[in-house]
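Remarks on the structure that follows.
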Amino acid sequence: MKRRTAVKLVLAGGLLVLLPGLFMQTLQNTIAEPFELDGERFSNWTLVATERRASTYVAVGLHPPSMLTSTLFNELFDRTMSSMTAPGEDLLPLVYAREFGDGGLSIVELLQAARDVGLEQAPLRPVCMAVKREPFAGRTREFHFVVIDMPEVAAFRREIAAMATERGGGARFEPIEPVLPIAGSDTAWESWWPLH
């Protein structure tokens, strides 16, 4: 009887040690699997200017085709089962709201400069889904995003930087990494920009 109890205790202890490890390995494997989307989702994006309001952190951006960000958000949630929030706007930022106020350029000029460098027709090549983590108030904040390979964004930023310098505007329009926000652990989206 004592031997059976000892064997049961050893088996139970082994399971308690083994199961969490297997669970974590399965979770990491699931998160690391590639996200699969058809190429059409990364074409026909729309150049947009947002209305000036307190919740906006983007002045000019590219709006993806319908359902792209929500599809990625849902797949990310299914993989991580983490509590996350979606961005208020489905936009790949090109000019941040705080830059717009200091740049000395109008929205019309920014949109025209974006069209002149071909941002509306440029292909968006997704590189990867990424996450940035940082400590915050005793916990870790997370920001999930898709890195986009799009050299036209750099050309656009150089163009508007030159225009702003000519006019004596305060914004420098430094180079930015083109990323499409997908999910975050909180709603302070503007605090992630510019993303380094």
Side-chain angles (χ1 to χ4, degrees), residues 23-37 41-42 45-103 110 114 119 122-154 156-157 171-196:
F23 174 74
M24 290 306 294
Q25 183 179 5
T26 302
L27 183 61
Q28 288 176 345
N29 289 344
T30 302
I31 293 171
E33 288 178 17
F35 286 75
E36 293 190 27
L37 291 170
R41 298 278 183 127
F42 287 92
W45 290 41
T46 309
L47 189 60
V48 297
T50 62
E51 298 174 15
R52 304 257 348 228
R53 58 183 187 277
S55 63
T56 298
Y57 57 91
V58 179
V60 176
L62 284 170
H63 188 275
S66 174
M67 304 297 290
L68 173 63
T69 53
S70 61
T71 300
L72 289 171
F73 180 91
N74 291 337
E75 187 170 345
L76 184 63
F77 177 77
D78 289 343
R79 291 176 184 214
T80 64
M81 301 304 272
S82 297
S83 176
M84 296 181 286
T85 61
E89 299 164 319
D90 293 345
L91 290 175
L92 186 151
L94 298 172
V95 176
Y96 305 116
R98 65 177 171 268
E99 292 176 311
F100 173 67
D102 296 335
L110 292 173
L119 275 172
L124 287 90
R125 293 170 294 279
V127 177
C128 66
M129 174 74 83
V131 61
K132 183 170 182 174
R133 294 182 177 97
E134 66 179 28
F136 177 75
R139 61 182 181 86
T140 301
R141 298 177 70 212
E142 291 187 352
F143 174 50
H144 298 264
F145 53 94
V146 177
V147 178
I148 305 288
D149 177 24
M150 193 177 190
E152 293 82 1
V153 172
F156 166 67
R157 301 275 299 179
R172 294 184 7 205
F173 298 108
E174 294 177 350
I176 60 171
E177 186 76 35
V179 299
L180 177 65
I182 302 299
S185 55
D186 55 62
T187 58
W189 296 100
E190 69 286 345
S191 67
W192 294 105
W193 309 106
L195 189 64
H196 299 292

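Model, not experiment: these values are computed from the prediction. Position 1 is the first residue of the sequence; numbering continues from there.
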With side chains defined as the heavy atoms from C-beta onward, is the minimum distance between Phe143 and Ser191 less than 4.5 Å?
no
Report the residues that fulfil side chain to side chain contact (heavy atoms under 4.5 Å, CB included) with Val147, sequence neighbours left out, ordered by chain and then residue number.
Val127, Cys128, Ala130, Phe145, Glu177, Val179
Would you check if Asp186 and Arg139 make a side-chain contact, meaning some heavy-atom pair closer than 4.5 Å?
yes
Any side-chain heavy atom of Val153 within less than 4.5 Å of one from Leu119?
yes
Measuring only between side-chain heavy atoms, which start at C-beta, is Glu75 closer than 4.5 Å to Met129?
no
With no hydrogens and no angle check, is any side-chain donor or acceptor of Ser185 less than 3.5 Å from a backbone partner on Arg141?
no
Would the distance check show the side chain of Thr50 and the main-chain N or O of Val58 forming a donor-acceptor pair, the cut-off being under 3.5 Å?
yes
Rounding to 0.5 Å, atoms CG (Leu68) and CG (Leu180) come to a distance of 6.0 Å
Which heavy atom of Pro126 sits nearest to which heavy atom of Ile148, and what is that distance?
CA-CD1, 4.2 Å
Minimum heavy-atom separation for Pro65 and Trp45, please, with both atom names.
CD-NE1, 3.2 Å
Please check: side-chain N/O of Arg157 versus main-chain N/O of Glu174, any donor-acceptor pairing under 3.5 Å?
yes
Closest heavy-atom pair, Leu91 versus Val48, reported as atoms and distance to 0.1 Å, is CD2-CG2, 3.2 Å
Contact between Trp192 and Glu134 at the side-chain level, heavy atoms closer than 4.5 Å - yes or no?
yes
Would you say that Val146 contacts Leu92 through its side chain, given a criterion of any heavy-atom pair below 4.5 Å between the two side chains?
no
Does some side-chain heavy atom of Pro178 sit less than 4.5 Å from a side-chain heavy atom of Arg125?
no
Do you know which two heavy atoms are closest between Pro93 and Ile176, and how far apart they sit?
O-CD1, 3.6 Å
Can you check whether Thr46 reaches Leu62 side chain to side chain, under 4.5 Å on heavy atoms?
no
Of all the heavy-atom pairs spanning Glu190 and Arg98, show the shortest one and how long it is.
O-NH1, 3.9 Å
Measure the spacing between CG of Leu94 and CD of Glu152 and express it to the nearest 0.5 Å.
11.0 Å
